[in-house]
Amino acid sequence: MSKDATPHQIAHVQALLRQSGLDPVIGEFEGATLVITENEAPGAAGVLETATGVERVVDGQGAQQLTSRDFRSADSRVAVGGPDGAVLGGDGFVVIAGPCAVESQDQMTGVVDAVVAAGAAMLRGGAFKPRTSPYSFQGLGVAGLALLAEQRSRTGLPVVTEVVTPQDVERVAEESDMLQIGTRNMQNFALLREAGASGRPVLLKRGMAATIEEWLLAAEYLMHMGNGGVVLCERGIRSFDRSTRFTLDLSAVAEAKRRTHLPVVVDPSHSTGRPHLVGPMSLAAAACGADGLLIDVHTDARAALCDGAQALSGAQFADVMTRLRPVVEAVGRTLWQPRARSLTSV
Ligand code: PEP
Ligand code: MN
């Protein structure tokens with residue numbers, strides 16, 4: 001619908017689709033309303049095109065539609081955390097940092113102080129952890145969400161955290177600014193549908209064995225449920241080489257950006273699994289057109305309950321931020337500066 005379409009005009013379009021036996025879903029994308037249907041309505045396009053308030057009817061040909069550059073040629077922007085939050089996909093390069101897992105209030109305060117001092121634009125931290133082994137730390141769950149929310153109010157920075165089951169989506173959406181769908185769940189279609197319907201922006205990680213096509217179709221599920229706030233995250237794919245934890249596919253960043261209008265960020269921590277590679281890959285990601293980074297930081301990596309082997313210390317993170325700035329500026333971007341930043345005690 002056009003941006004100035006009235007509720008009445010939107011309701012009229014929904015009614016027209018229902019008359020054709022369809023069950024339309026309403027979504028929001030860049031300030032305009034999307035009316036989405038599961039199937040095509042033979043002959044409906046002509047009727048819809050002439051309805052007042054309709055800007056465009058996108059024909060249901062081809063698997064990738066809403067996420068495609070054919071749907072929107074310009075880069076889309078995803079705002080996270082309201083007017084004082086961060087915008088991904090615009091001129092600003094957004095660095096998201098924090099521990100792999102939320103462990104305790106002290107741990108969170110220490111890590112958050114370090115990343116905020118170094119200029120992070122958003123915070124990360126897993127409360128629900130999808131661990132390969134059932135014997136590994138599974139995350140603090142709901143208690144972890146509360147600790148994360150505490151850091152959000154303390155700093156004013158938006159937070160992203162992973163959701164692993166459809167039943168938890170509502171709760172995680174209430175207590176965070178952005179939902180993360182992890183590599184192991186990229187094709188969990190029930191989870192994608194629920195996250196898509198949540199109204200919260202979603203950070204969609206690439207499946208470790210997923211093609212770019214499959215990744216974009218997973219993003220299509222989210223947009224198809226009316227979610228206009230989708231951000232892709234390249235986090236490495238499986239290869240034969242065990243020298244790094246995964247193989248960071250930076251060509252996928254440029255290719256995804258060619259095919260879609262969605263912002264793309266890079267996770268140099270999970271992809272490489274090695275702190276000394278996080279800096280070089282962060283700079284390379286910025287150089288090849290990524291819109292931001294997702295970096296694991298821990299102030300006591302040896303004691304970390306999850307993925308300590310890949311975490312940067314606060315000082316290492318600050319060093320990466322310093323080296324990142326000229327690269328970001330060389331490609332015509334600026335490091336995103338948080339607007340509201342305070343550091344109250346907990
Ligand atoms: C994470 O970011 O905490 C995580 C588990 O990442 P991935 O899904 O990419 O393994
Ligand atoms: Mn991790």
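In what follows, every heavy atom counts, from backbone to side chain, and hydrogens, waters and symmetry copies are set aside. Indexing begins at 1, ligand by ligand and atom by atom, following the structure's order.
Distance check, rounded to the nearest 0.5 Å: OG1 of T183 to NE2 of H270 gives 9.5 Å.
A side-chain donor-acceptor contact under 3.5 Å links S243 and D241.
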TODO: Given salt bridge (charged side-chain N to carboxylate O under 4.0 Å, His left out), test D291 with R77 step by step and report yes or no.
DONE: CA-CA 10 Å; D291 297 291; R77 285 158 199 233; over 6 Å; no
Task: Step-by-step salt bridge (charged side-chain N to carboxylate O under 4.0 Å, His left out) determination, K205 to E162 - done: CA-CA 10 Å; K205 289 194 145 193; E162 182 161 354; over 6 Å; no
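Near ligand 1, residues C100, R124, K129, E162, Q180, G182, T183, R184, K205, R235, H270 each place a heavy atom inside the 4.0 Å sphere around the ligand atoms.
Here D23 pairs with nothing under the side-chain hydrogen bond (donor to acceptor under 3.5 Å, both in side chains) rule; sequence neighbours left out.
Listed by first and then second residue, the side chain to side chain donor-acceptor pair (under 3.5 Å) pairs that reach into residues 207-220 are T67-E220, T211-E214, E213-R259, sequence neighbours excluded.
Under a cutoff of 6.0 Å and an axis angle of 45°, R325 and F93 do not form a cation-pi pair.
Residues R69 and R258 form no side-chain contact, since every pair of their non-hydrogen atoms from C-beta on lies 4.5 Å or further apart. At a threshold of 4.5 Å between non-hydrogen side-chain atoms, the residues V231 and M178 count as touching.
Taking a cut-off of 2.8 Å, the protein N, O or S atoms nearer than that to the Mn ion (ligand 2) are C100 SG, H270 NE2, D307 OD2.
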